[in-house]
There are 2 protein chains.
Amino acid sequence: MKKEFKPLTKAEEEIMQALWQLDKAFVKDIVDLLPEPKPHYNTVSTIIKILEEKGFAGHESLGKANRYFPLVQKDEYSKKSMNQFVGKYFEGSFANMLSFFAKEKDISVKELEEILQLMKEQKNTK
Amino acid sequence: MKKEFKPLTKAEEEIMQALWQLDKAFVKDIVDLLPEPKPHYNTVSTIIKILEEKGFAGHESLGKANRYFPLVQKDEYSKKSMNQFVGKYFEGSFANMLSFFAKEKDISVKELEEILQLMKEQKNTK
DNA sequence: GTAAACCTACTAAGTTTTTAGTATAAAAGC
DNA sequence: GCTTTTATACTAAAAACTTAGTAGGTTTAC
């Protein structure tokens, strides 16, 4: 029974985001994707190795090169992050979080209803 | 026009959470509030000074002692964090985020409607 | 008044995270 | 085949973050 949630560090998260976007990628692809100032090739290489150690990514070897892919999916990670966040800032209540943001962001009632509709559809097609 | 969002570090956030909870606090109060293993008094003192430098907290001097208080409110910080998060994980779309979580967390349609009701009330009383 | 308790400033060491160099080996181009 | 390009492993330095000691000043208790 583990409660541990080990968030990614800033640099790790950036690489992971790239990996989620590319799905399968050589280090070079990640460097190419990232905006200026691009990190050093070896920096990315190091970080992706750390991500492998942490179980966030894996790779398959194609000749000498490694093609990396995510082992933890973006959905899964965002869910955990969100739960963490709601825990700390909204007493663990999803509803609290929602009502706060409905107030904060100028979301109209019409929009809310559209969102609700979307949610209902999501539930039906689950 | 600044876009910068400087998230708090882990230690900073912990102290800040304590400060939000206490609203006004001497360093001692914060140490007392935090669970075991309690940080060293000076550790808290250092971090709260950093929080002051960053503009997250302020203090008033009562005799020799400083009583600290939040300058950035919890709501404000959670809003920014959330926007950041939605930006990175839901293409900046609040609705996307909601529908994802409606699916992920077993929220019933009934609950959703209650939440919607809550949201409407929030908007009316704004 | 003096000792004990308490508070902050300053500082430095420890730890974690980030960055990138060097070495080396495979692959590609000619 | 030899040179150039492109990969990764290993390593270490730099930067950021965390922790806590020492010094020195106030306040409190006797």
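A note on names: the letters A, B, ... follow the listed sequences, proteins ahead of strands, and every chain is numbered from 1. Hydrogens, waters and symmetry mates are skipped; everything else that's a heavy atom, side chains included, is used. Just so it is clear, the structure is predicted and the values come from calculations on it, not from any experiment.
A:Ile30 has its CD1 atom 17 Å from the P atom of D:dT6, to the nearest Å. Between A:Ile47 atom CD1 and C:dT16 atom P the separation is 17 Å, expressed in whole Å. D:dG25 atom C1' lies 13 Å from atom CG of B:Asn66, rounded to whole Å. If you take NZ of B:Lys38 and P of D:dT19, they are 15 Å apart, rounded to a whole angstrom. Taking atom CG on A:Asp32 and atom C1' on D:dA7, their separation rounds to 14 Å, with Å as the unit. What separates CG of B:Leu34 from C1' of D:dT19 is a distance of 14 Å, to the nearest Å. One interatomic measurement links the two molecules: NE2 of A:His40 to C1' of D:dT8, which rounds to 13 Å at whole-angstrom precision. What separates CZ of A:Arg67 from P of D:dA7 is a distance of 14 Å, to the nearest Å.
The shortest distance between the side-chain N/O atoms of B:Tyr41 and the OP1/OP2 oxygens of D:dG21 is not below 4.0 Å. Remark: B:Lys10 is not in phosphate contact with D:dT18, judged by side-chain N or O atoms under 4.0 Å from OP1 or OP2. The phosphate of C:dC6 (OP1 or OP2) has no side-chain N or O of B:Lys28 nearer than 4.0 angstrom. A sub-4.0 Å separation between OP1 or OP2 of D:dT18 and a side-chain N or O of B:Thr9 is present.
Each of C:dT19, D:dT19, C:dC10 was ranked by its minimum atom distance to the side chain of A:Thr46; first place goes to C:dT19. Nearest to the side chain of B:Thr43, among C:dA9, C:dT19, D:dA20, sits D:dA20. When each of C:dC10, C:dC7, D:dA9 is scored by its nearest atom to the side-chain atoms of B:Ala65, the top-ranked nucleotide is C:dC7.
Closest non-hydrogen pair, B:Gly55 versus B:Leu71, comes out as O-CB, 3.5 Å.
Aromatic ring centres of B:Phe85 and A:Phe85 lie farther apart than the 6.0 Å criterion allows.
Within the 3.5 Å criterion, the main-chain N or O of B:Gln17 finds no donor-acceptor partner in the side chain of B:Lys74. Side chain of B:Asn83 to backbone of B:Lys80: no donor-acceptor contact under 3.5 angstrom is found.
The base of C:dT11 is not paired with the side chain of B:Asn42 by any donor and acceptor separated by under 3.5 Å.
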- Task: In sequence, state the C-alpha distance, the side-chain angles, and the governing distance for B:Tyr77 and B:Phe56, and then conclude on ring pair (Phe, Tyr, Trp, His ring centres under 6.0 Å).
- Result: CA-CA 10 Å; B:Tyr77 184 72; B:Phe56 274 83; 5.8 Å; yes

